[in-house]
Amino acid sequence: MSVSSTPVASKIIPKAARSPIDPTTIKYTSEKQKYAVAALVEEFTISTQLLNDIKDNFLEGMKKGLKKDGETIAMITSFVMGRLDGTEVGSYLALDVGGTNLRVVSVHLEGGGVINTRQTKYRIDENLKVGDAKALFDFMAVCVDNFLDEHQIVVRGDTKIELGFTFSFPVLQTAINRGTLITWTKGFNATGMVGKDPVAFLQDAFNRRHIPVRVAALVNDTVGTLLAHAYNNPETIMGVIFGTGSNGAYVEKISNIEKWKGDASADEMIINMEFGAFDKERNILPLTMFDNKMDRKSVNPNKQILEKMIAGMYLGEITRNVLLNLIDRRLLFEGHISADINQMWTFETAYMSTIEADSSPQLEETRKILESTLSFASTTLNDRQIVKCVVQLVGLRAARLGAAALAGVLEHTGAWKHKSAIGIDGSLYEYYPSFDTDIMDALVEVFGPDVRKNVAIGLAQDGSGVGAALCALLAAKNGLA
Ligand code: ADP
Ligand code: MG
């Protein structure tokens with residue numbers, strides 16, 4: 001079988017500030033329109049009270065997950081126990097399968113907290129995501145092979161290059177380089193994988209193609225992000241992803257992990273929370289009809305409820321559902337629709353970043369997206385203001401719900417009271433205007449102003465790739481794999 005892999009160029013989009021719109025300043029075309037927007041504001045706003053309630057509920061979920069397997073927040077033991085201090089040296093490969101892209105990274109640890117990386121990104125074809133699992137893993141192996149050629153990385157004799165595999169789906173880990181897939185998420189549904197070991201599939205694909213690579217560690221991107229951030233910031237207690245999906249990992253005391261029956265010689269272990277699954281019972285999250293519509297049409301209905309309210313894959317689609325509803329009620333674009341916006345997933349989350357940042361009086365950037373990209377014949381300023389308002393509601397809600405999860409961890413660990421750091425990776429966090437400040441503002445509402453001084457939240461760029469290499473190193477160092 002031939003598998004082709006085409007590199008995608010990385011786009012560098014500078015992060016802009018949000019240029020907020022106050023819905024009370026919009027010149028509405030009718031009372032009906034005004035009330036419709038006010039109702040949306042009401043529905044999408046996460047009050048301080050609700051933020052606290054969600055945080056408390058989340059904390060309860062964390063505790064349940066630490067007690068036994070199979071709980072809603074899975075709290076997966078990562079088998080990563082060692083700590084890094086930035087002195088480690090060596091060269092490793094990382095394969096990062098996040099959801100949207102696949103990246104191969106060669107990571108050179110120089111010591112002194114210095115890391116050099118070279119990487120190539122490949123887009124994962126939609127057909128591969130839902131086809132035969134073997135084809136998907138063959139594609140991964142081919143990307144690694146091409147990368148080795150491209151960067152002229154040669155292996156002599158029988159030696160193999162050690163690779164850290166960031167496989168960012170819920171995996172029940174059974175060893176540092178072994179685990180079983182619990183469920184697919186983020187639009188993936190390749191057949192024959194659930195219950196199987198992704199490392200075995202990948203190693204098999206390497207072996208069949210005689211690619212001299214050994215999968216030394218299986219890592220979730222949140223765990224990788226934590227490790228990568230800790231290489232430079234030893235006070236790091238948490239790694240978070242706001243990318244295609246959303247999830248977090250944190251450092252837990254082994255004595256707190258009641259369900260852990262393994263080696264307890266170390267004090268701490270990183271827990272991959274799989275927090276995207278939070279509130280599958282629908283007890284607390286304020287789901288709207290727009291969330292429910294998106295959920296029902298997703299490949300994994302009723303699953304990953306929190307993730308679907310906060311992650312990059314879904315925010316554009318929720319926004320699209322709100323806009324369609326306004327159009328159907330003739331409260332937007334005079335009831336006119338464009339063929340593009342009528343299709344699912346056409347309203348990209350990246351458009352939301354542009355619309356949020358649009359500070360021009362006539363909202364020209366927003367006009368470009370609506371008229372040039374989404375092919376609306378014409379739009380008025382009133383239309384564009386309402387679109388901006390909807391985007392803002394969906395984006396701010398995402399940041400605040402994400403903050404509720406962070407707050408759960410900060411409260412559980414007590415880390416908000418002392419100097420600590422959280423590393424965050426993912427394009428949504430990186431590019432969405434004010435996502436970072438919205439999160440910190442919400443944390444201040446929960447904990448008071450000290451949290452701003454104590455907890456440094458920073459972008460862990462490339463966290464998921466570098467972290468996998470660090471994990472491969474830890475595995476080798478501890479003789480685990
Ligand atoms: P992965 O999660 O696959 O590792 P990323 O971290 O790059 O990948 O996240 C991809 C997600 O980020 C996509 O769902 C996409 O919608 C979203 N995204 C990409 N660019 C932007 C942007 N400029 N603003 C907001 N979201 C973005
Ligand atoms: Mg990623």
Side-chain angles (χ1 to χ4, degrees), residues 8-18 94-105 117 119 121-126 128-129 136 140 143 164-169 184-188 219-229 239-249 272 276 294 298 304 307-320 344-358 365 369 373 391-392 394-396 398-399 402 423-436 438 459-469:
V8 274
S10 295
K11 274 185 289 187
I12 306 290
I13 311 163
K15 188 179 177 104
R18 164 182 290 141
L95 171 64
D96 175 15
V97 182
T100 301
N101 292 309
L102 174 159
R103 293 186 310 151
V104 186
V105 193
T117 62
Q119 62 159 304
K121 255 189 202 184
Y122 306 87
R123 183 161 296 280
I124 307 172
D125 193 82
E126 293 304 320
L128 282 174
K129 293 184 187 176
L136 177 64
M140 295 180 198
C143 290
F165 182 22
T166 307
F167 184 69
S168 306
F169 299 91
W184 282 115
T185 55
K186 298 183 281 193
F188 279 66
V219 202
N220 187 265
D221 50 359
T222 56
V223 176
T225 297
L226 197 165
L227 288 174
H229 205 66
V240 179
I241 299 291
F242 293 117
T244 308
S246 180
N247 183 18
N272 162 23
M294 178 268 293
S298 66
Q304 302 296 104
E307 175 169 76
K308 283 174 178 158
M309 296 174 96
I310 59 183
M313 176 166 174
Y314 307 102
L315 299 187
E317 180 63 9
I318 298 168
T319 303
R320 191 185 74 90
M344 281 189 79
W345 312 107
T346 46
F347 198 98
E348 290 183 19
T349 303
Y351 304 161
M352 297 173 69
S353 290
T354 308
I355 293 170
E356 285 264 22
D358 189 356
E365 295 300 320
I369 287 174
T373 313
V391 162
Q392 192 172 295
V394 174
L396 182 60
I424 306 187
D425 191 14
S427 294
L428 182 69
Y429 182 78
E430 194 172 353
Y431 301 122
Y432 200 93
S434 308
F435 212 79
D436 46 358
D438 290 342
L459 179 69
Q461 214 170 8
D462 270 354
S464 33
V466 170

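In each ligand, atom 1 is the first atom listed, and ligand 1 is the first ligand listed. Side-chain atoms are counted along with the backbone in the values below, which use heavy atoms only and exclude waters and symmetry mates.
Within the listing of ligand 1, atoms 22 (C), 23 (N), 24 (N), 25 (C) sit less than 4.0 angstrom from a heavy atom of S353. Heavy-atom contacts of G99 reach the following atoms of ligand 1: 3 (O) (cutoff under 4.0 Å). Numbered from 1 in the order shown, with element, the atoms of ligand 1 that lie under 4.0 Å from a heavy atom of G312 read 14 (O), 16 (O). For ligand 1 and G426, the ligand atoms under 4.0 Å from any heavy atom of the residue are 6 (O).
The line from CH2 of W345 to CE of M313 is 4.5 Å long, rounded to the nearest 0.5 Å. For the atom pair M140 CE and D96 CG, the distance stands at 10.5 Å (nearest 0.5 Å).
The shortest separation from a heavy atom of M313 to ligand 1 is under 4.0 Å, placing the residue in contact.
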Under the side-chain hydrogen bond (donor to acceptor under 3.5 Å, both in side chains) rule, what do D221 and N247 come out as? Steps first, then yes or no, please. CA-CA 9 Å; D221 50 359; N247 183 18; 5.0 Å; no
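Of all non-hydrogen atoms in L227 and G467, the two that sit nearest each other are CD1-O, 3.9 Å. D358 approaches E365 most closely through the heavy-atom pair OD2-N, 3.0 Å.
For F165, the ring-ring contact (aromatic ring centres under 6.0 Å, His included) partners two or more places apart in sequence, or in a different chain, are F167. Contacts of Y432 classified as ring-ring contact (aromatic ring centres under 6.0 Å, His included), with partners at least two apart in sequence or in another chain: F435.
Distances from atom 3 (O) of ligand 1 to the heavy atoms of L315, T100, V97 put T100 nearest.
Within the 4.0 Å heavy-atom criterion, both parts of A350, backbone and side chain, lie near ligand 1.
Residue-to-ligand polar distances keep Y432 apart from ligand 1: every N/O pair is separated by 3.5 Å or more. Distances between N or O atoms of F242 and those of ligand 1 include no value under 3.5 Å. Considering backbone and side-chain N/O atoms, Y431 never comes within less than 3.5 Å of an N/O atom of ligand 1.
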